[in-house]
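Okay, so here's the structure we're looking at.
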Amino acid sequence: MAAALAASFYDRRTERVARDLLGAILRCVTPEGVAAGRIVETEAYLGEHDAACHAAAGRTARTEGLYGEPGTAYVYFTYGMHWCANAVTRRAGLPSAVLIRALEPLEGIALMRERRGPVRDRDLANGPAKLCEALGITGALNGVPLRRSPLTIHHGTAVPDRAVAVTPRIGISKAVDRPLRWVDIRSDCLSRPHRPTPRSRTSR
DNA sequence: TAAAGGATTTTCT
DNA sequence: GAAAATCCTTTAC
């Protein structure tokens, strides 16, 4: 197992961290066992000025974790039933993070199948809430350091050849099925007030 | 293959 | 009271 990413890895521009997390290994150790996968899709949330970021609503009980130390987990509950996991970026006080959107299962696949129920293997972790279910990630891990903890991210051995980096407001789903493609931050996405575009109706 | 709608509860207005 | 960084099933083409 490669070393866990250092805290300094996360204390950089969020867009850069999002790109560099592609290919890294997300691993979660629980009493039920170990499950891990290669990160193949990420999404950057840039701060209070990014209307798609939870921090756009300001500092609240829910978003407190976003303001934490770089390299800690921001895990939130949404739609009444799903957990989603982020890696907090930049120094404490700057509420930005990278949402982990999809994994290629690598370790503990039997456990993932058990947790996810009767789905195709390709659907085990190809979504932000699916991967949390597959790895056993819940809000109990919110705020934990992503180094030397049950939830860790390790150096990967190679950039995946089928992945997508996703930036705010340019939602792309089903990434695992798509070829590698970088989507650059568009300057007009970062300043203009907006509502997040429905994922199913965006580009392509 | 795509679109539409329901599930379910926290959060903020 | 409405929306939500989603997922799954059903229905339509």
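Just so we're on the same page: letters track the sequence lines, and every chain starts at 1. Keep in mind it's a predicted model, so treat the numbers as computed, not measured.
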Q: Would you mind reading off the distance between Met81(A) atom CE and dA5(C) atom P, rounded to a whole angstrom?
A: 14 Å

Q: Take atom NE2 of His82(A) and atom P of dT9(B), then tell me their distance rounded to the nearest Å.
A: 12 Å

Q) Can you find a heavy atom in the side chain of Val34(A) that is under 4.5 Å from one in the side chain of Val29(A)? A) yes

Q: Return yes if a side-chain donor-acceptor contact under 3.5 Å exists between Tyr67(A) and Glu48(A), otherwise no.
A: yes

Q. Between the side chain of Arg116(A) and the main-chain N/O of Leu124(A), is any donor-acceptor distance below 3.5 Å?
A. yes

Q. Out of dA4(C), dC7(C), dT11(B), which has the shortest distance to the side chain of Thr78(A)?
A. dA4(C)

Q. Are Tyr45(A) and the base of dA5(C) stacked, counting only ring centres nearer than 5.5 Å and planes tilted under 30°?
A. yes

Q.
Which residue is it: Cys84(A), Cys132(A), Pro150(A)? I am looking for the one with a side-chain contact (heavy atoms from CB on, under 4.5 Å) to Ile137(A).
A. Cys132(A)

Q) Can any side-chain N or O of Thr72(A) pair as donor or acceptor with the backbone N or O of Pro145(A) at less than 3.5 Å? A) no

Q: Round to the nearest Å and state the distance from Leu99(A) atom CG to dA4(C) atom P.
A: 16 Å

Q) How close or far is atom P of dC12(B) from atom CZ of Arg59(A), stated in whole angstroms? A) 13 Å

Q | Side-chain (Thr63(A)) to main-chain (Leu66(A)) donor-acceptor, under 3.5 angstrom | A | no

Q: Establish, from distance only, whether the side-chain atoms of Arg19(A) and Thr14(A) form a donor-acceptor pair under 3.5 Å.
A: no

Q. Tell me, do Leu46(A) and Glu15(A) make a side-chain contact under 4.5 Å, heavy atoms counted?
A. yes

Q. Under a 3.5 Å cutoff on both atom distances, Watson-Crick or G-U, what's the dot-bracket for DNA chain B ([ ] crossing, | other strand)?
A. |||||||.||||.

Q.
Between Arg62(A) and dA3(C), is there a contact of a side-chain N or O with OP1 or OP2 at under 4.0 Å?
A. no

Q: Calculate the interatomic distance between Trp83(A) atom CH2 and dT8(B) atom P; express it in whole Å.
A: 17 Å

Q.
Is the distance between the ring centroids of His54(A) and Tyr45(A) under 6.0 Å?
A. no

Q. Over how many whole Å does the gap from Lys130(A) atom NZ to dA5(C) atom P extend?
A. 18 Å

Q: Would you mind reading off the distance between Arg116(A) atom CZ and dC8(C) atom C1', rounded to a whole angstrom?
A: 9 Å

Q. In residues 132-140 of chain A, which ones come under 4.0 Å of DNA chain B, going by heavy atoms?
A. none

Q.
Counting distance alone, no hydrogens or angles: does the base of dA5(C) have a donor or acceptor under 3.5 Å from a partner atom on the side chain of Tyr76(A)?
A. yes

Q: May I have the distance from His54(A) (atom NE2) to dT13(B) (atom P), rounded to whole angstrom?
A: 13 Å

